[in-house]
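Notes to accompany the following structure.
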Amino acid sequence: MTTKTVAQLLSKDNTLQDVTVKGWVRTFRANRFIALNDGSTINNIQCVVDFENFDEALLKRITTGAAIHVAGELVESQGKGQSVEIQVKELEILGDSDPETYPIQPKKHTFEFLRENAHLRTRTNTFSAVMRLRSSLSFAIHKYFTENGFYNMHTPIITGSDAEGAGEMFRVSTLDAKNPPLNEDGTVNYKEDFFGKETNLTVSGQLEAETYAMSLGKVYTFGPTFRAENSNTSRHLAEFWMIEPEVAFMDLAGNMDLAEDFLKSVLGYALENNKEDLEFLDKRLQDAEKSLPEAERSPMNLIDKIKFVVDNNFKRVSYTEAIDILRNCKPNKKKKFKYLIEEWGADLQSEHERYLVEKHFKCPVILFDYPANIKAFYMRLNEDGKTVRAMDILFPGIGEMVGGSQREERLEVLKEKMKALDIPEEELWWYLDLRKYGTAVHSGFGLGFERLVMFTTGMGNIRDVIPYPRTPQNAEF
Ligand code: 4AD
Ligand code: MG
């Protein structure tokens, strides 16, 4: 008799027979019905205990949170709510749980409370469903790229360059913080540091990915990314995971096609392979929204929203068109936006992005050809001399999901740009080399993995879609 997972026991192809299973007690009702969960599915298996056959002392130890091992016969269920159940013949407590102090009681907990107990929150339906989806999406991403001829590349986590030029980096150093070696001018002498130079945690693997795209053709990196932005929002983390494909000989239009096809494919994978978790999360969201005023509720339920994205074309709109729409829209005219859109060149805030996606177009939007001076140094300058071949993909409820661009492949133009932004050539000599030896059009993008998980699960706070969130003033666990 082999131990099976609850998912296997509940599967339609399973035969009725003697089984054993291990898991954690969710509830124990009427001294008779154990709801057992082992993480393999959102569903519990009902284990029916005939209390006359078991010691009173043993029954007392079947408490919420306890780990147990059950052996018995899998039979068709007499009761409602499940197709099969286990008639328990043997029961062993593997690990007791103190019902007085166990934080995950069988009742509703707030997400704030569960964040404080993040080590146990995956014992709840919501968080186990979210994390199973996270795992599934991660697999779907690797599957998509592998099947489409991309090589997976591991870009460095410690780097000496600031890829995004935004300066929001975490320093990596082994110098004595209290007494660092100094240069004559009083600045810290990083030559004496571990790497002999100033180093940071990476904000993007893009620049290194470009080097491999220019030899292996199609590559992607999927790794941890660090940003010391002090933005305590529901969509920012200090440590997040980013997927960055990079493709040689591909222009911005190809980049948009790739990103759209990729997003549809991974969302389609989740729809097909995570039905039960999605149905659970869909219902959770509908229940949660019942208490909201009509106007604040989502216009579509979760699964329909995902299907809508999979089945419809993303709207492609230039920055210039977007500015026209925003300048003339109601919230701008009535001064409802916090940042009013007055002229071309304004950076778009999330309120503007969300207006475009949720109110105006009502579908995912790809904005492209942004003003050069609000975007990173490496983006391909357009013939107009003022816009760059950048694209952002905006999603309903999320805002920016993807940021990408065609890269500046012309050595002289790139050097000019770096000079204007005070980026020393010595720092990026290898990046410039790509433009000296066999340069070519190439493009790529970055997808924030947690934002994708937020969209897919309907969770409203990015802290609830990563196991242990790192945010300003918080690095518990
Ligand atoms: O737009 P970003 O900054 O683009 C880059 O880093 C490029 N180097 C990508 C590339 O072209 N290879 O970041 C890409 C995406 C954003 O669209 C967003 O989804 C996510 O990464 N992101 C964050 N997610 C969570 N927390 C943060 N602090 C994030 N910052 C960016
Ligand atoms: Mg961006």
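In each ligand, atom 1 is the first atom listed, and ligand 1 is the first ligand listed. For clarity, every value in this text was computed on a predicted model and none was experimentally measured.
The closest approach between any non-hydrogen atom of Met401 and ligand 1 is below 4.0 Å. Under the 4.0 angstrom criterion for non-hydrogen atoms, Glu246 is not in contact with ligand 1. Distances from ligand 1 to the non-hydrogen atoms of Ile462 include at least one value under 4.0 Å.
Near Gly403, meaning under 4.0 Å from one of its heavy atoms, ligand 1 places the atoms 1 (O), 9 (C), 10 (C), 11 (O), 17 (O). Those atoms of ligand 1 with a heavy atom of Val402 less than 4.0 angstrom away are 17 (O). Distances below 4.0 Å separate heavy atoms of Tyr378 from the following atoms of ligand 1: 7 (C), 8 (N). Listed by atom number, the atoms of ligand 1 under 4.0 Å from Gly448 heavy atoms are 15 (C), 19 (O), 20 (C), 21 (O).
Of all the heavy atoms of His236, the ones lying under 4.0 Å from any atom of ligand 1 are found in both the backbone and the side chain. With a heavy-atom cut-off of 4.0 Å, Arg235 touches ligand 1 through its backbone alone.
There is a side-chain donor-acceptor pair under 3.5 Å between Arg132 and Ser128. Using a 3.5 Å distance cut-off with no hydrogens or angles, the side chains of Thr225 and Arg227 do not pair a donor with an acceptor. For the residue pair Asn274 and Ser136, a side-chain donor N or O sits within less than 3.5 Å of a side-chain acceptor on the partner. In this structure, a donor-acceptor pair under 3.5 Å is absent between the side chains of Tyr468 and Glu239. No hydrogens or angles considered: a donor-acceptor pair under 3.5 Å links the side chains of Glu321 and Ser318. Between the side chains of Thr64 and Gln105, not a single donor N or O lies within less than 3.5 Å of an accepting N or O.
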Worksheet item: side chain to side chain contact (heavy atoms under 4.5 Å, CB included) between Ser97 and Trp24: does it pass, once the steps are laid out?
Response: CA-CA 10 Å; Ser97 171; Trp24 294 271; over 6 Å; no
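Closest heavy-atom contact between Asp193 and Lys197: CB-O, 4.3 Å. Residues Pro371 and Gly345 come closest through the heavy atom pair CG-CA, 3.9 Å.
Looking at Glu244, Arg227, Arg407, Met454, it is Arg407 that brings a heavy atom closest to atom 11 (O) of ligand 1. In the candidate list Phe395, Phe226, Phe240, Phe240 is nearest to atom 29 (C) of ligand 1, counting heavy atoms.
Among the backbone and side-chain atoms of Asp392, none of the N, O or S atoms lies under 2.8 Å from the Mg ion (ligand 2).
The protein heavy-atom contact nearest to atom 21 (O) of ligand 1 is Met242 SD, 3.5 Å. The protein atom (non-hydrogen) at minimum distance from atom 16 (C) of ligand 1 is Glu400 OE2, 3.3 Å. Closest to atom 18 (C) of ligand 1 among all protein heavy atoms lies Arg451 NH1, 3.5 Å.
The Mg ion (ligand 2) sits nearest to atom OE2 when only the N, O or S atoms of Glu400 are considered.
Atom OH of Tyr212 has 12 or fewer neighbouring heavy atoms from other residues, nucleotides or ligands inside a 6.0 Å radius.
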